[in-house]
Each structure stands twice: as C-alpha cells, then as structure tokens.
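These notes concern the structure reproduced below.
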Amino acid sequence: MKIKFLLLTLVFGLTTVPANPIAKKRILVYTKNGKGYVHENIPASVKALQKIGETNHWSIDVSDNPAVMTTENLAKYDCLIFSNTNNQIFDTEEQRQAFVSYIRQGGSFVGIHIASGSEREWPWFHAMIGGKFKRHPAFQAFDIKVVNKNHPSTETLPEIWKKEDECYYSSELNPNIQVLLAADLRTVTDSQKDVYPGRIFGDYFPLAWCQEFEGARVFYTALGHDSKDYEDVLYLQHLTGGIKWALHKKAKK
C-alpha cells in the first residue's frame with residue numbers, strides 16, 4: 001500500500017502545475033529608423049537581445065513599425081528597448097502620446113547607442129532618455145571608467161574598461177541622471193574635442209546612465225556601435241544588467 005501511495009503521489013506531483021505560475025516578462029525591441037543613417041548593427045543587436053531574453057525567460061517581440069505604439073499595445077509590455085532607433089521614429093502625435101503614457105504609467109525603458117539620436121526635435125524625449133546625441137569622433141579604442149560599480153550593468157566590468165567603440169558626446173543632459181560609465185577623454189583622439197565637449201565634465205564624459213523619470217525606470221548606454229559588440233561577453237553583461245535594473249521597478253499605478 002505504501003508503494004502504491006508513493007506512486008500515486010509521484011504521478012500527481014508531475015501532473016499538477018502551480019495555481020499562479022509566474023508570468024514571463026514581456027519586452028518589445030523597437031528598431032525604427034527615420035530618414036538618415038541606419039546602423040548596420042541592428043540585426044546583431046536583435047539576435048543578442050532575443051538570446052538574452054531566452055536566457056532570462058523573457059518574451060521578446062521585435063518591430064520597426066510605429067503602428068505598435070498604441071496605448072493598448074504598449075500596456076502588454078514590461079519594458080521597451082529602443083535598439084539603435086534614429087531620427088524620426090514615430091509617425092503621428094498619437095503614437096508619441098501613447099509612448100508618453102506608457103512611461104508615465106510606470107513603464108521601463110532601455111536605450112541603446114544611437115537611440116539618443118531619436119526624435120531630435122522633441123525635448124521631452126531627450127529628457128526621458130537622459131540626453132541628446134550630438135556627435136562622436138572616429139571609432140577607436142579608448143578607456144571607459146566605471147563611475148558606479150554598484151549597479152547591475154557595471155558590477156561585472158573592470159574598473160577601467162578598455163574598449164573599441166564610438167565615443168558619443170551628448171547635449172541636453174538631464175541633471176537627474178545617475179552616471180554609470182564615463183569615457184576618459186584623455187585617451188580619445190579627437191581634433192574637435194576643444195569645441196565640444198571641451199571641459200564640461202573635465203577629463204570625462206558620461207556614456208551610460210540610469211534615472212527614474214516620470215514614474216518609469218530608464219537605462220541608457222551609448223556603447224554598442226560595432227556588430228561584434230553583440231557577441232562580446234562584457235558588453236552583453238553590461239546590457240543585460242541594464243535591462244534587469246529597468247525591469248525591477250515598483251508596480252504600475
């Protein structure tokens with residue numbers, strides 16, 4: 001009888017499921033580019049984000065169609081990732097307002113590389129993402145200083161990260177951002193450095209940051225120009241940590 005009872009218990013245990021299974025986090029990766037330069041890294045970034053999603057049991061949707069920007073559709077997502085979006089990425093004012101509503105309802109946002117060059121005539125967007133792309137010197141190797149080691153996006157990085165990338169300079173930086181990474185400008189070759197950024201931040205310039213903005217958690221990294229970045233362990237750990245930070249927020253109102 002004991003054996004029969006144990007067998008029944010085993011079968012029952014294998015065929016039952018939790019009453020309230022944990023729902024997967026659902027993420028939208030948005031890649032829309034308006035008229036102008038389009039980064040070749042987008043397919044590599046999408047592939048990497050899909051793999052990150054699989055590893056972390058997140059559901060990943062991908063689109064470059066502004067029609068996804070409706071209040072009803074965005075409500076499905078725990079996080080929006082703008083991967084190398086650039087220039088005009090919304091078609092209508094209704095789409096912009098749906099995005100604003102998502103942020104103000106406690107959404108999560110991650111911006112990658114030239115995402116800071118999106119919607120260049122929209123000050124609210126610049127304040128939300130934390131800054132506005134201005135320019136960059138040539139792709140090169142330079143030193144990146146970890147400003148804040150106590151963050152999921154930086155905890156695996158060396159104190160000085162020697163990396164090849166485009167050293168992005170931003171304008172209209174939101175004073176509320178918490179800087180995570182900064183370029184050591186002493187290691188950057190740039191004949192126009194004195195013109196901008198000059199001595200705005202001394203020998204350093206912010207490259208990655210996070211902030212709480214109008215109810216949302218926002219993470220942005222200027223790094224990730226090269227398609228090979230999306231196979232680089234350190235960069236992927238940096239990106240994954242940023243997404244995790246954005247996702248771990250207070251419940252929506």
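No experiment lies behind these values; they were computed from the predicted model shown.
Between Val46 and Thr31 there is a side-chain heavy-atom pair separated by less than 4.5 Å. Arg186 is not listed as a side-chain neighbour of Asp143, based on a closest heavy-atom distance of 4.5 Å or more. The shortest distance between side-chain heavy atoms of Ser59 and Ile27 does not fall below 4.5 Å. Residues Arg120 and Asn87 have side chains in contact (heavy-atom distance under 4.5 Å, counting atoms from C-beta outward). In this structure, Leu180 and Val146 have side chains that are not in contact, with every pair of non-hydrogen atoms separated by 4.5 Å or more. The closest side-chain heavy-atom distance from Asp64 to Asn33 is not below 4.5 Å. Lys32 is listed as a side-chain neighbour of Pro66, based on a closest heavy-atom distance under 4.5 Å. Side-chain contact check for Tyr77 versus Asp61: some heavy-atom pair is nearer than 4.5 Å.
The aromatic ring centres of Phe213 and Trp124 sit less than 6.0 Å apart. Phe219 and Phe109 have their aromatic ring centers separated by at least 6.0 angstrom. The distance between the ring centers of His126 and Phe133 does not fall below 6.0 angstrom.
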### Task
Test Asn65 against Tyr30 for side-chain hydrogen bond (donor to acceptor under 3.5 Å, both in side chains), laying out the working first.
CA-CA 8 Å; Asn65 186 350; Tyr30 189 56; over 6 Å; no
### Criterion ring pair (Phe, Tyr, Trp, His ring centres under 6.0 Å) on His225 and Phe139, from CA distance to verdict
CA-CA 9 Å; His225 172 75; Phe139 183 90; 5.8 Å; yes
### Query
Between Glu119 and Arg96, is a salt bridge (Lys or Arg N to Asp or Glu O under 4.0 Å) present by the stated rule, with each step listed?
CA-CA 10 Å; Glu119 295 293 320; Arg96 291 185 183 88; 3.2 Å; yes
### Message
Would Asn84 and Asn41 count as a side-chain hydrogen bond (donor to acceptor under 3.5 Å, both in side chains) here? Give the steps.
### Response
CA-CA 8 Å; Asn84 292 280; Asn41 62 22; 3.1 Å; yes
### Task
Check the pair Ser171 / Lys132 against side chain to side chain contact (heavy atoms under 4.5 Å, CB included), numbers first and verdict last.
CA-CA 5 Å; Ser171 61; Lys132 178 182 178 181; 4.0 Å; yes
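For the pair Gln95 (side chain) and Asp91 (backbone), a donor-acceptor distance under 3.5 Å is present. With Thr154 contributing its side chain and Leu157 its backbone, the two residues share no donor-acceptor pair below 3.5 Å. In this structure, the side chain of Asn73 engages the main chain of Val68 through a donor-acceptor pair within 3.5 Å. At distances below 3.5 Å, at least one donor-acceptor pair connects side-chain atoms of Ser108 with backbone N or O atoms of Ala246. In terms of modelled atom types and a separation under 3.5 Å, the side chain of Gln105 and the main chain of Ile103 share no donor-acceptor contact. Remark: side-chain polar atoms of Gln237 are not paired, donor with acceptor, to backbone N or O of Glu155 under 3.5 angstrom. Under the 3.5 Å distance criterion, the side-chain polar atoms of Asp190 are left unmatched by any main-chain donor or acceptor of His136. Distance alone, capped at 3.5 Å, places no donor-acceptor pair between the Asp226 side chain and the Gly224 backbone.
Ser101 and Thr71 form no side-chain donor-acceptor contact under 3.5 Å, judged by distance and modelled atom types alone. Side-chain contact annotation: Gln88 with Trp122, donor-acceptor N/O pair under 3.5 Å absent. Under 3.5 Å, the side chains of Ser83 and Ser45 contain a donor-acceptor pair of N or O atoms. Side-chain contact, Asp165 with Tyr235: no donor N or O sits under 3.5 Å from an acceptor N or O. Side chains of Arg135 and Tyr168: no donor on one and acceptor on the other come within 3.5 Å. Checking His113 against Glu166 by side-chain atom types alone, a donor-acceptor pair falls below 3.5 Å. Using modelled atom types, one finds no donor on one side chain facing an acceptor on the other under 3.5 Å when comparing Glu54 with Gln50.
In the hydrophobic clustering of this structure, Phe201 groups with Tyr169; members are Ile, Leu, Val, Met, Phe, Trp, Tyr whose side-chain heavy atoms approach within less than 4.5 Å, directly or through other members. Connection of Ile144 to Val188 is established within a shared hydrophobic cluster, with ILVMFWY side chains joined at heavy-atom distances below 4.5 Å, either directly or through further cluster members. By the rule that hydrophobic residues join a cluster once side-chain heavy atoms approach within less than 4.5 Å of another member, Ile177 and Ile200 end up as members of one cluster.
Here Tyr196 pairs with nothing under the ring-ring contact (aromatic ring centres under 6.0 Å, His included) rule; sequence neighbours left out.
What you find for Cys167 and Ala183 is that their closest heavy atoms are SG-CB, 3.5 Å. Across all their heavy atoms, Trp209 and Val179 have their closest contact at CB-CA, 4.0 Å. Residues Thr85 and Ser118 approach most closely at OG1-OG, 2.7 Å, considering heavy atoms. Taking every heavy atom of both residues into account, Ala44 and Tyr230 meet most closely at O-CB, 3.6 Å. For the residue pair Val218 and Met128, the shortest heavy atom distance occurs at CG1-O, 3.4 Å. Between Leu185 and Gly202 the shortest heavy-atom distance is CD1-O, 4.0 Å.
Surrounding CD of Glu159 are at most 12 heavy atoms belonging to other residues, nucleotides or ligands under 6.0 Å away. By the neighbour-count criterion of 12 heavy atoms within 6.0 Å, atom NZ of Lys51 is sparsely surrounded, having that number or fewer from other residues, nucleotides or ligands. Atom CD of Glu231 sits in a sparse spot, with 12 or fewer heavy atoms from other residues, nucleotides or ligands closer than 6.0 Å. For Lys47, the NZ atom is loosely surrounded, since the number of other residues' heavy atoms within 6.0 Å does not exceed 12.
Residue Leu234 holds its CG atom at 12.5 Å from CG of Leu239, rounded to the nearest 0.5 Å. To the nearest 0.5 Å, atom CD1 of residue Ile60 and atom NZ of residue Lys24 are 9.5 Å apart.
Aromatic ring orientation, His238 versus Trp161: perpendicular (interplanar angle above 60°, classes split at 30° and 60°). Ring planes of His39 and Tyr37: perpendicular class, angle over 60° (limits at 30 and 60°). Using the six-membered ring where Trp is involved, Phe82 and Phe90 have ring planes that are tilted, between 30° and 60° apart.
A cation-pi arrangement is present between Arg217 and Trp245, with the terminal nitrogen or guanidinium carbon under 6.0 Å from the aromatic centre and inside a 45° cone about the axis.
No option in Leu247, Leu49, Asp78 other than Leu247 meets the side-chain contact (heavy atoms from CB on, under 4.5 Å) test with Trp58.
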